[in-house]
Amino acid sequence: MQQIQWGWLKGGLVLGAVFLLAVILVKPIGVSSQFVIFDGIIWNMFSDDVVQVDETSQSGYSSKNAYLDKNGGKYAENIENPWNYGFIFVLAMIGGGVLSVVLQKPKISEEDKSAPKVFRESGHGNRYLVAFTGGVLVLYGARLAGGCTSGHMMSGMMQTSLSGYLFAAGVFGAGIPVAIFFYRKSAKGAQ
Amino acid sequence: MTVFLAILVGGLFGFVLHRVGAGNPQNLINMLRLQDLHLAKVILLAIGFSSLILFALLATGMINEAHIDIKAAYTGVIIGGLIFGIGFAIAGYCPGTCLVGVGSGHKDALVFIFGGLLGAILYTLSYGGLVDAFPAIFSNLAGGEVSVANTGAEFSGLSGSLPAFAVAGAIAIVFMLGAWMLPKRFNI
């Protein structure tokens with residue numbers, strides 16, 4: 001069964017208002033760096049030297065890893081002190097999704113929970129394998145780009161950032177042809 | 001206070017993403033296939049509308065300029081966007097919508113997140129080598145942390161001394177017109 005969806009006019013205005021609220025109250029919304037923080041928290045549990053207290057660094061922390069040590073050890077600091085704005089923000093996002101589902105009557109069907117209809121009809125075998133591969137590519141790409149759909153595309157273009165337009169061009173430049181090809185009708189017959 | 005704001009804004013963002021249908025990979029895949037442009041219309045309107053109000057607030061000094069945060073532009077942004085686009089197209093999730101997908105019961109969203117955590121650690125481990133091997137993809141384009149309209153904050157604007165509200169307002173109108181004029185689907 002289809003979920004109850006807001007129309008594009010209401011949805012666009014409310015979504016825009018949330019991005020605006022974020023920049024008015026705190027800072028522009030961004031999500032993908034928290035995947036690095038989560039990985040770092042796990043890594044830090046098994047390693048004594050991934051994050052170190054460092055008086056000489058801007059954040060007070062440094063890392064033997066060049067990426068975590070970037071920008072004055074900002075990621076290293078967030079790994080050591082994870083209960084900060086960015087990390088709680090992404091956890092709250094999951095809660096917001098749960099709340100929206102709880103408040104709506106039609107529930108998602110069991111088969112939709114595993115794979116969307118367009119995937120089931122495509123004839124591509126294992127949805128979980130495709131979703132996992134997609135996740136690897138999306139987060140690798142987002143970190144190389146320095147942001148994702150939230151940080152670069154929405155928050156970035158809201159501020160007219162050059163980087164936001166470049167990122168959007170890359171995402172749609174690859175995403176549209178790949179989606180059309182990967183989910184083409186003839187793909188089913190080929191399998 | 002920080003914790004309260006994170007829960008408030010994060011919770012609202014998750015709720016709204018779900019209500020516009022962005023937690024459902026079917027909608028994102030069909031947007032990229034140009035079969036259902038509902039979400040494209042939502043995104044265009046959201047960007048245009050928020051940008052118009054943001055620059056009105058900046059022009060009247062009603063927003064703290066320190067909250068503006070322009071990310072750097074470099075070749076890696078485009079390359080990263082292309083890699084991102086491939087994964088986005090096959091999976092139908094992005095780093096934000098997969099969280100909402102998990103919250104709304106999509107099991108494939110959880111699998112996507114595990115893939116994402118692997119992708120993020122692979123990048124973390126390969127970053128040092130990438131910078132050494134391909135320094136050019138990390139060098140700034142057009143000054144790096146720049147915006148088209150001048151935000152008046154610490155970042156520079158490409159449109160120079162043109163009034164920021166006029167420049168950003170014109171761009172915002174193009175986005176909102178795009179949202180309004182884009183058909184629900186293309187017949188291809």
Side-chain angles (χ1 to χ4, degrees), chain A residues 5-6 8 11-12 14-16 18-20 22-23 27-28 31-32 35-36 39 66-67 85 88-89 92-94 96-98 100-101 113 116 118 128 130-132 134-141 143-145 148-150 157-158 160-163 166-167 170-171 174-175 178-180 182, chain B residues 2 6-7 9-11 13-15 18-21 25-26 29 32-33 41-42 45-47 49-51 67 69-71 73 76-78 80-91 94-96 99-100 103-104 107-108 111-112 115-116 119-121 123-124 127-128 146-149:
Chain A
Q5 250 179 45
W6 288 348
W8 69 272
V14 177
L15 186 61
V18 174
F19 273 88
L20 202 54
V23 74
K27 60 178 182 179
V31 176
S32 68
F35 282 77
V36 176
D39 281 335
Y67 192 57
Y85 178 81
I88 297 171
F89 183 95
M93 281 179 70
I94 303 176
V98 172
S100 176
V101 171
K113 281 183 183 174
V118 62
Y128 292 147
V130 172
F132 188 84
V136 174
L137 292 170
V138 163
L139 264 300
Y140 193 91
R143 289 298 83 238
L144 173 56
C148 64
T149 342
S150 304
M157 292 203 282
M158 170 178 78
T160 72
S161 309
L162 176 63
S163 54
L166 295 179
F167 181 73
V171 170
V178 169
I180 290 174
F182 194 74
Chain B
T2 307
I7 294 172
V9 185
F13 185 40
F15 184 89
H18 183 257
R19 283 295 151 121
V20 300
Q26 170 91 2
I29 291 167
L32 292 174
R33 293 171 70 221
K41 290 165 79 82
V42 170
L45 178 61
I47 294 170
F49 171 67
S50 59
S51 189
H67 291 186
D69 186 18
I70 309 287
K71 290 175 186 277
V77 173
I78 306 170
L82 291 167
I83 298 172
F84 183 110
I86 297 168
F88 188 30
I90 62 171
C94 56
L99 300 169
V100 179
S104 54
K107 291 180 223 158
D108 52 354
V111 177
F112 177 90
I121 195 73
Y123 186 74
T124 303
Y127 172 78
V146 295
S147 54
V148 176

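This structure is a prediction, so every number in the text was calculated from the model and none was measured. Residue numbers start from 1 in every chain, and the chains themselves are labelled A, B, ... in the order their sequence lines are given, proteins ahead of strands.
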Measure the shortest side-chain to side-chain distance between [X] and [Y] over non-hydrogen atoms and say whether it is less than 4.5 angstrom.
| X | Y | answer |
| --- | --- | --- |
| Val178(A) | Phe88(B) | no |
| Met93(A) | Phe15(B) | no |
| Val36(A) | Arg143(A) | yes |
| Phe167(A) | Met157(A) | no |

When heavy-atom pairs shorter than 4.5 Å are enumerated against chain A, which of [options] gives the highest number?
| options | result |
| --- | --- |
| Val146(B), Leu99(B), Ile78(B) | Leu99(B) |
| Ile47(B), Thr2(B), Ile7(B) | Ile47(B) |
| Gly128(B), Ala149(B), Ala91(B), Gly116(B) | Gly116(B) |
| Gly85(B), Ala120(B), Gly11(B), Pro95(B) | Pro95(B) |
| Pro25(B), Ser50(B), Gly96(B) | Ser50(B) |
| Val100(B), Ile70(B), Leu82(B), Ile86(B) | Leu82(B) |

Q) Any donor and acceptor pair, going by atom type alone, linking the side chain of Ser161(A) with main-chain N or O of Ser163(A) inside 3.5 Å? A) no
Q.
Can a donor-acceptor pair be found, under 3.5 Å and without considering hydrogens, that links the side chain of Asp108(B) to the backbone of Ala131(A)?
A. no
Q: To the nearest 0.5 angstrom, please state how far the CZ atom of Phe112(B) sits from the CG atom of Leu137(A).
A: 9.0 Å
Contact leader toward chain B among [options], where contacts are heavy-atom pairs under 4.5 Å:
| options | answer |
| --- | --- |
| Val118(A), Val18(A), Val98(A) | Val118(A) |
| Val31(A), Val138(A), Leu139(A), Val14(A) | Val138(A) |
| Leu15(A), Leu20(A), Val101(A), Asp39(A) | Asp39(A) |
| Ile88(A), Val136(A), Val130(A) | Val136(A) |
| Gly170(A), Ala22(A), Ser100(A), Gly141(A) | Ser100(A) |

Q) Would Tyr123(B) and Tyr67(A) count as a close aromatic pair, with their ring centres under 6.0 Å? A)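 Between Tyr123(B) and Tyr67(A), the centre distance is under 6.0 Å.
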Q: Name the region of Phe19(A), side chain, backbone, both or neither, that has any atom closer than 4.5 Å to a heavy atom of chain B.
A: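 For Phe19(A), the side chain is the part near chain B, not the backbone.
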Q. Side chain, backbone, both or neither: which part of Ser150(A) has a non-hydrogen atom closer than 4.5 Å to chain B?
A. side chain
Q: Search all heavy atoms of Cys148(A) against all heavy atoms of Phe84(B) and return the closest pair with its distance.
A: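 Here Cys148(A) and Phe84(B) meet closest at CB-CE1, 3.7 Å.
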